[in-house]
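Below: the structure, in structure tokens.
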Amino acid sequence: MSEGSKNDVQTLSVRRELKKRLQYPGSHAGEGIEHRYLLPRDQSGQSDEILVRTGAENPQRMTCALQSRSENNAGRNSSFPSFVGDNKTGNNHGRFSFFLRYGLVYHIRYEPRRSKFILVSMSGGRLRMTAPWTYIKDLPSREGADVTVRGWLYNMRSSGKIHFLQLRDGTGTVQGVMVKKEVSEEDFSAAKSLWLEASVEVTGTVRKDDRAPSGVELSVASVSVIQNPADEYPIGKKDHGIDFLLDNRHLWLRSSRQQAIMRIRERVIWSAREFLHNDGYLLVDSPIISGAAGEGVSGLFEIDYFDSKAYLAQTGQLYAEAAAAAFGRVYCFGPTFRAEKSKTRRHLTEFWMLEPEVAFFDHKDNMDLQERLICHIVSSVLEHCGNELAALERDVSKLENIKAPFYHLQYGEAIEMLKKLGSDTLYGEDLGNDDETILTQQFDRPVFIECYPKSVKAFYMKEHPENQDLVLCDDLLAPEGYGEIIGGSQREDSYERLVARIREQGLPEEPYDWYLDLRRYGTFVHSGFGMGIERVVAWIAGLQHIREAIPWPRTIYRLKP
RNA sequence: UCCUCGGUAGCUCAAUCGGCAGAGCGGGUGGCUGUUAACCACUAGGUUCGAGGUUCGAGUCCUCGCCGAGGAGCCA
């Protein structure tokens with residue numbers, strides 16, 4: 001490996017130049033494409049050239065030839081005249097590798113959409129053509145094949161003459177079985193000295209084995225160590241405390257549990273956007289830096305904005321309302337910030353919120369949309385994240401039960417119910433965290449709490465037509481004690497009443513002049529809501545704490561990593 | 001800001017009424033050809049968060065401080 005590290009230095013210095021040179025196009029429409037690439041000069045001042053030709057009938061079939069002009073590479077041309085790859089039938093994903101001097105291997109890939117070749121990577125140290133590597137998730141379908149896996153060693157067990165290398169590469173895990181008499185003495189002893197989370201390239205044969213979770217194992221032929229850590233890996237195999245794990249969040253993400261959570265998070269976001277896109281919603285993002293407060297100044301992060309003050313967005317809603325007047329059905333999705341000094345399992349100072357806003361939707365249409373969105377997200381996670389839910393030991397039956405219709409409670413009914421359950425929250429007060437927990441434990445599906453008192457809700461919510469003390473809003477509480485995941489409302493569309501509400505709450509009018517314009521110029525019935533991504537993820541994944549639902553949690557005392 | 005709990009080996013945690021500072025994992029050495037957080041033997045590893053106090057004696061009790069967690073309030 002000392003040989004490799006020497007080359008790595010050289011790699012860095014030539015990489016930049018090579019990338020530059022790989023940019024000239026030279027394509028000829030209709031016929032095959034021919035590219036010539038000059039490679040960096042060697043010590044003698046000569047340059048090599050790569051000649052790449054693509055077939056006219058199939059641009060992805062190509063031949064590559066190294067034409068050497070330099071003396072110390074002249075012999076290579078004959079021993080390495082060309083390399084033919086086929087992206088359709090081959091398993092190399094269109095990547096081609098050239099061995100060149102310095103012991104470097106250049107990996108070049110054809111990019112069909114740009115009709116050009118791009119430099120994928122360079123590696124050094126081994127005098128061979130590197131096979132493109134295989135992702136662990138694909139191994140079950142490659143039984144019997146000789147493959148190379150690149151990844152990290154997350155655990156190792158040894159029985160003297162046999163090593164069990166537990167490998168992960170982000171797509172899955174596989175056990176590499178290394179038998180002493182089947183590999184070189186160097187590889188066997190090198191493997192024994194590996195520490196956890198060493199980065200390795202393992203070559204071997206995919207072999208069926210009923211004992212393996214994925215059904216296959218890798219019979220190791222050779223191990224190439226990319227880096228063996230200098231120190232012991234901080235996160236061990238036994239339990240750790242939450243504080244330690246959060247301090248090591250950058251490493252904690254490698255664990256199978258965190259990987260499962262992040263995949264579920266991605267599925268939640270993906271499925272939500274898929275649902276909205278397919279339903280005709282346009283993504284119109286809102287600014288993160290804003291001169292005006294969204295829902296009152298108390299929980300805002302203030303920043304210096306040149307010579308004036310600005311705030312980090314608490315919500316994109318006001319902007320979404322403006323966009324709804326332009327595009328009808330819109331949503332925004334991005335990080336939002338709350339400077340509350342909350343220290344609970346449901347709060348972060350930075351969290352992601354999905355905020356649809358719909359023209360000509362009333363309170364009821366709004367709740368219907370929320371219900372359909374949540375159902376779609378849950379069923380999508382169930383469909384695509386079975387392995388992840390299993391890894392988290394989530395009770396899937398609880399999620400399979402999430403189907404329309406959800407329960408509905410009027411605020412007054414909720415207070416009555418809470419009184420019977422022992423809460424001392426009075427009519428007119430907002431529901432506390434305990435109240436939400438108690439309430440959601442009564443239901444096996446999400447429950448809407450509708451029409452809260454005006455006094456505890458934001459100024460932009462529309463008054464209830466039959467009771468001026470209430471507003472047309474809804475909180476959607478997730479079951480199993482998780483509580484509020486969505487807050488929504490029909491918006492006040494009357495200019496006069498909106499101005500009155502702003503004054504009632506003692507807010508300055510000037511920052512809202514543009515917002516009031518929406519009621520001056522073609523006002524319209526409209527509704528929307530905000531869904532907290534991390535809370536939805538925490539609920540679906542069954543997490544104890546919201547901070548596991550975001551890659552880099554920001555809480556009051558945690559800015560690092 | 002308030003309430004509650006906690007801080008002991010690299011990590012997770014014990015330590016009875018105030019009486020010799022302990023275990024597992026991780027590290028080191030040796031053993032083991034089917035291990036699944038492998039196992040077995042041996043071994044190294046400590047300013048018990050800090051300052052002060054009570055006591056023959058403090059990880060343990062008292063005071064103050066620092067740090068963290070859970071909860072309240074507020075919210076998604």
Side-chain angles (χ1 to χ4, degrees), chain A residues 154-166 173-182 188 192-193 195-196 207 209-214 217 219 231-248 251-252 255-257 294-296 298-300 314-317 333 335-355 370 425 429-437 452 456-458 474-478 482-488 529-539 544-547 549-550 555-558:
Chain A
Y154 73 89
N155 198 2
M156 186 172 89
R157 287 179 282 273
S158 176
S159 290
K161 288 173 185 158
I162 183 167
H163 294 321
F164 299 99
L165 309 178
Q166 310 293 329
T173 61
V174 71
Q175 172 163 271
V177 181
M178 200 174 186
V179 179
K180 188 171 187 179
K181 64 186 178 193
E182 292 174 4
F188 194 80
K192 194 174 184 181
S193 68
W195 285 25
L196 294 191
R207 183 173 44 73
D209 194 308
D210 293 336
R211 288 165 293 195
S214 68
E217 288 185 339
S219 286
D231 297 305
E232 154 193 3
Y233 185 64
I235 299 181
K237 289 187 268 185
K238 291 275 181 173
D239 290 338
H240 293 280
I242 186 68
D243 194 36
F244 177 80
L245 289 170
L246 286 172
D247 282 342
N248 289 281
L251 304 175
W252 191 22
S255 75
S256 58
R257 175 183 167 86
E295 303 177 1
S298 63
L300 286 171
Q314 254 188 338
T315 168
Q317 183 206 314
F333 177 56
T336 49
F337 306 87
R338 303 283 161 96
E340 297 289 344
K341 293 191 173 182
S342 306
K343 289 169 60 177
T344 84
R345 64 180 62 186
R346 301 175 187 190
H347 288 85
L348 295 166
T349 54
E350 176 182 300
F351 65 97
W352 288 65
M353 191 153 63
L354 183 86
E355 297 178 275
Q370 293 164 39
T425 301
E429 295 175 351
D430 204 355
L431 302 187
N433 254 337
D434 281 350
D435 295 330
E436 286 187 9
T437 303
Y452 282 68
V456 299
K457 288 294 180 182
D474 68 274
D475 282 358
L476 181 62
L477 311 186
Y482 278 93
E484 185 176 1
I485 52 174
I486 283 178
F529 61 90
M531 182 180 86
I533 292 295
E534 288 78 14
R535 286 189 177 178
V536 172
V537 172
W539 162 50
Q544 284 301 306
H545 200 299
I546 194 171
R547 66 196 150 188
I550 186 168
T555 57
I556 173 168
Y557 296 122
R558 196 170 285 285

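So you know, we letter chains A, B, ... as the sequences are listed, proteins then strands, and number each from 1. FYI, side chains are in, hydrogens and waters are out, and symmetry mates aren't considered; it's all heavy atoms of this structure.
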Rounding to the closest angstrom, what is the interatomic distance between [N] and [M] at atom [atom1]?
N: B/rG71; M: B/rC25; atom1: P; value: 33 Å
N: B/rG26; M: B/rG10; atom1: C1'; value: 7 Å
N: B/rG34; M: B/rG68; atom1: P; value: 49 Å
N: B/rC49; M: B/rG59; atom1: C1'; value: 12 Å
N: B/rG46; M: B/rG27; atom1: C1'; value: 16 Å
N: B/rG18; M: B/rU60; atom1: C1'; value: 7 Å
N: B/rC2; M: B/rU8; atom1: C1'; value: 29 Å

Using the side-chain contact (heavy atoms from CB on, under 4.5 Å) criterion, which residues pair with [X]? Sequence neighbours excluded.
X: A/Ile235; result: A/Tyr233, A/His240, A/Phe244, A/Leu245, A/Asn248, A/Leu251, A/Trp252
X: A/Lys457; result: A/Tyr452, A/Met461, A/Val471, A/Cys473, A/Asp475
X: A/Thr437; result: A/Arg346, A/Gln441
X: A/Arg257; result: A/Ser255, A/Ile261, A/Leu392, A/Leu543, A/Glu548

If the condition is side chain to side chain donor-acceptor pair (under 3.5 Å), which residues does A/Gln175 pass it with, not counting sequence neighbours? A/Gln166, A/Glu217
Applying side chain to side chain donor-acceptor pair (under 3.5 Å), name anything that partners A/Asp247, two or more places apart in sequence or on another chain. A/Arg558
Can you identify which nucleotide, out of B/rU12, B/rU33, B/rA76, has its nearest atom closest to the A/His240 side chain?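 Of the options given, the side chain of A/His240 lies nearest B/rU12.
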Counting side-chain heavy atoms from C-beta on, which of B/rC11, B/rG34, B/rA76 comes nearest to A/Arg338? B/rA76
Sugar-phosphate, base or nothing in reach of [X], heavy atoms under 4.0 Å:
X: A/Arg257; result: nothing
X: A/Phe351; result: base
X: A/Glu217; result: base

Looking at A/His163 and A/Leu165, would you say the former's side chain and the latter's main chain have a donor-acceptor pair under 3.5 Å? no
Looking only at atom types and distance, does a side-chain atom of A/Gln317 sit under 3.5 Å from a main-chain N or O of A/Phe529, one as donor and one as acceptor?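 No, A/Gln317 side chain to A/Phe529 backbone: no donor-acceptor pair under 3.5 Å.
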Nearest-nucleotide wise, let me know which of A/Val177 and A/Phe244 is further upstream toward the 5' end of RNA chain B.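 Nearest nucleotide further toward 5': that of A/Phe244.
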Earlier contact from the 5' end, RNA chain B, for A/Trp352 and A/Asn155: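 Of the two residues, A/Asn155 wins.
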Protein-proximity profile, nucleotides 67-73 of chain B, B/S/- by nucleotide at the 4.0 Å heavy-atom cutoff, equals -SBSBBB
Residues which pass salt bridge (Lys or Arg N to Asp or Glu O under 4.0 Å) with A/Glu355, listed by chain and number, not counting sequence neighbours: none
With hydrogens left out and only the distance checked, is there a donor-acceptor pair under 3.5 Å joining A/Lys180's side chain and the base of B/rU33?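 There is none.
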Syn or anti for B/rC49? Use the chi torsion, O4'-C1'-N9-C4 for purines and O4'-C1'-N1-C2 for pyrimidines, with syn inside 90° of 0.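 Because its glycosidic torsion lies more than 90° from 0, B/rC49 adopts the anti conformation.
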Report yes if the side chains of A/Arg338 and A/Thr349 come closer than 4.5 Å at any heavy-atom pair, otherwise no. no
What does the list of N/O pairs under 3.5 Å between the protein and nucleotides 23-31 of chain B look like, with a distance for each?
from	atom 1	to	atom 2	distance (Å)
B/rG26	OP1	A/Lys237	NZ	3.3
B/rG26	O2'	A/Glu232	OE2	2.5

